[in-house]
Enquirer: 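First, the structure itself, so that you have it in front of you.
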Amino acid sequence: MLERIVTQPDNYAPFLLSQGIRFGDLLFISGQAGAADDGRIVEGGFLAQGRQAFANLRRALEAGGSSLRDVVKVTIFVTDMGHFQDVVALRREFFSAPYPADTIAEIRALYDPKAMIEIEAIAAVRREGGN
């Protein structure tokens, strides 16, 4: 059975997509960009957007009964591969060993021209009292 994951504010609803879908013990999180609660991309450059994207990812994961430590696969989209070392730094800041499987891809644009990074993830959902 599919369960829709929602956090507030839900900036995804107008676009007819879910922030996440839980299916059994797996959680699929839609791309999270560096947008603040008002939906606007944060100021401060790539690392500021990356930290906000990871904060948004954390919130969606937790709403679905998971966490950053339970991420098994992540896809990180960037608009400039020149930020590759920044992505590695963000991974070091927000993930720990064993690090999740990862794809990093440069794309021409994201949904907002100001957005420089978007992160989607697949995570395990831990059962109560489980590992």
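Just so it is clear, the values below take in all heavy atoms, side chains as well, and ignore hydrogens, waters and symmetry mates.
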Enquirer: Quick one: are Gln52 and Ile41 in side-chain contact, heavy atoms under 4.5 Å?
Expert: no
Enquirer: Within a reach of under 6.0 Å around CD of Gln8, are more than 12 heavy atoms found that belong to other residues, nucleotides or ligands?
Expert: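 Buried by this count: over 12 neighbours within 6.0 Å.
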Enquirer: Show your reasoning for whether side-chain contact (heavy atoms from CB on, under 4.5 Å) applies to Ile5 and Arg22.
Expert: CA-CA 7 Å; Ile5 305 304; Arg22 181 175 173 173; 4.1 Å; yes
Enquirer: Could you walk me through whether Ile76 and Asp102 satisfy the side-chain contact (heavy atoms from CB on, under 4.5 Å) test, starting with their C-alpha distance in whole Å, then the side-chain angles of each, then the deciding distance to 0.1 Å, before giving a yes or no?
Expert: CA-CA 8 Å; Ile76 302 174; Asp102 191 341; 3.8 Å; yes
Enquirer: Please tell me if the side chains of Leu61 and Ser67 come closer than 4.5 Å, counting only heavy atoms from C-beta onward.
Expert: no
Enquirer: Mark yes when over 12 heavy atoms from residues, nucleotides or ligands other than Tyr111 sit less than 6.0 Å from its OH; otherwise mark no.
Expert: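 For Tyr111, atom OH is crowded (more than 12 foreign heavy atoms under 6.0 Å).
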Enquirer: Can you see which heavy atom on Val6 is nearest to which on Ala63, and at what distance?
Expert: O-CB, 4.1 Å
Enquirer: Does Asp80 reach the side chain of Met116, with side-chain heavy atoms less than 4.5 Å apart?
Expert: no
Enquirer: With side chains defined as the heavy atoms from C-beta onward, is the minimum distance between Thr79 and Arg108 less than 4.5 Å?
Expert: no
Enquirer: Roughly how far, to the nearest 0.5 Å, is the CG atom of Leu2 from the CD1 atom of Ile21?
Expert: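 Answer for the CD1-CG pair, Ile21 versus Leu2, is 6.0 Å.
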Enquirer: A side-chain contact here means heavy atoms from C-beta on lying under 4.5 Å apart; do Ile29 and Ile122 qualify?
Expert: no
Enquirer: Taking all heavy atoms of Gly65 and all of Val125, pick out the closest pair and write down the distance.
Expert: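 Closest heavy-atom pair between Gly65 and Val125: O-CG1, 3.6 Å.
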Enquirer: Hey, quick one: are Phe94 and Val42 part of the same hydrophobic cluster, counting side-chain heavy atoms closer than 4.5 Å, chains of contacts allowed?
Expert: no
Enquirer: Determine whether Phe95 and Phe54 satisfy the following criterion, ring pair (Phe, Tyr, Trp, His ring centres under 6.0 Å), listing intermediate values before the conclusion.
Expert: CA-CA 10 Å; Phe95 292 129; Phe54 269 99; 5.4 Å; yes
Enquirer: So does Lys73 pair up with Glu120, basic N to acidic O under 4.0 Å?
Expert: no
Enquirer: For the pair Asp70 and Arg126, find out whether any cationic side-chain nitrogen is under 4.0 Å from an anionic carboxylate oxygen.
Expert: yes
Enquirer: With heavy-atom distances below 4.5 Å as the criterion, would you say the side chains of Glu106 and Phe77 are in contact?
Expert: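 No - every pair of side-chain heavy atoms lies 4.5 Å or more apart.
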Enquirer: Atom CZ in Arg51, atom CG in Asn56: separation rounded to 0.5 Å?
Expert: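 So the CZ of Arg51 and the CG of Asn56 are separated by 14.0 Å.
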Enquirer: With a 4.5 Å cut-off on side-chain heavy atoms, are Ser66 and Leu27 touching?
Expert: yes
Enquirer: Look at the side-chain heavy atoms of Ile, Leu, Val, Met, Phe, Trp and Tyr, link any pair under 4.5 Å apart, and say whether Ile119 and Tyr99 land in one connected group.
Expert: yes
Enquirer: Strictly distance-based, threshold 3.5 Å: is any side-chain N or O of Gln19 a donor or acceptor partner for the main-chain N or O of Thr7?
Expert: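 Confirmed, Gln19 side chain pairs with Thr7 backbone.
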Enquirer: If you measure from CD1 on Ile107 to CE on Met81, what distance do you get to the nearest 0.5 Å?
Expert: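 One finds 10.0 Å between CD1 of Ile107 and CE of Met81.
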Enquirer: Say whether Leu68 and Val87 are linked into one hydrophobic cluster, either directly or through other cluster members, by side-chain heavy-atom distances under 4.5 angstrom.
Expert: yes
Enquirer: Please, which pairs that meet ring pair (Phe, Tyr, Trp, His ring centres under 6.0 Å) have at least one residue in residues 27-53, sequence neighbours excluded?
Expert: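 Pairs touching residues 27-53 that pass the test: Phe46-His83.
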Enquirer: Mind listing the side-chain donor-acceptor pairs of residues 31-40 below 3.5 Å, one per line with the distance, residues two or more places apart or on another chain?
Expert:
unit_1: Gln32; atom_1: OE1; unit_2: Tyr12; atom_2: OH; d: 3.3
unit_1: Gln32; atom_1: NE2; unit_2: Tyr12; atom_2: OH; d: 2.9
unit_1: Gln32; atom_1: NE2; unit_2: Ser30; atom_2: O; d: 3.1
unit_1: Asp37; atom_1: OD1; unit_2: Arg59; atom_2: NH1; d: 3.1
unit_1: Asp37; atom_1: OD1; unit_2: Arg59; atom_2: NH2; d: 3.2
unit_1: Asp38; atom_1: OD1; unit_2: Arg40; atom_2: N; d: 2.8

Enquirer: Verify side-chain contact (heavy atoms from CB on, under 4.5 Å) between Ile117 and Leu90, making sure each step is shown before the conclusion.
Expert: CA-CA 11 Å; Ile117 183 171; Leu90 289 165; 4.2 Å; yes
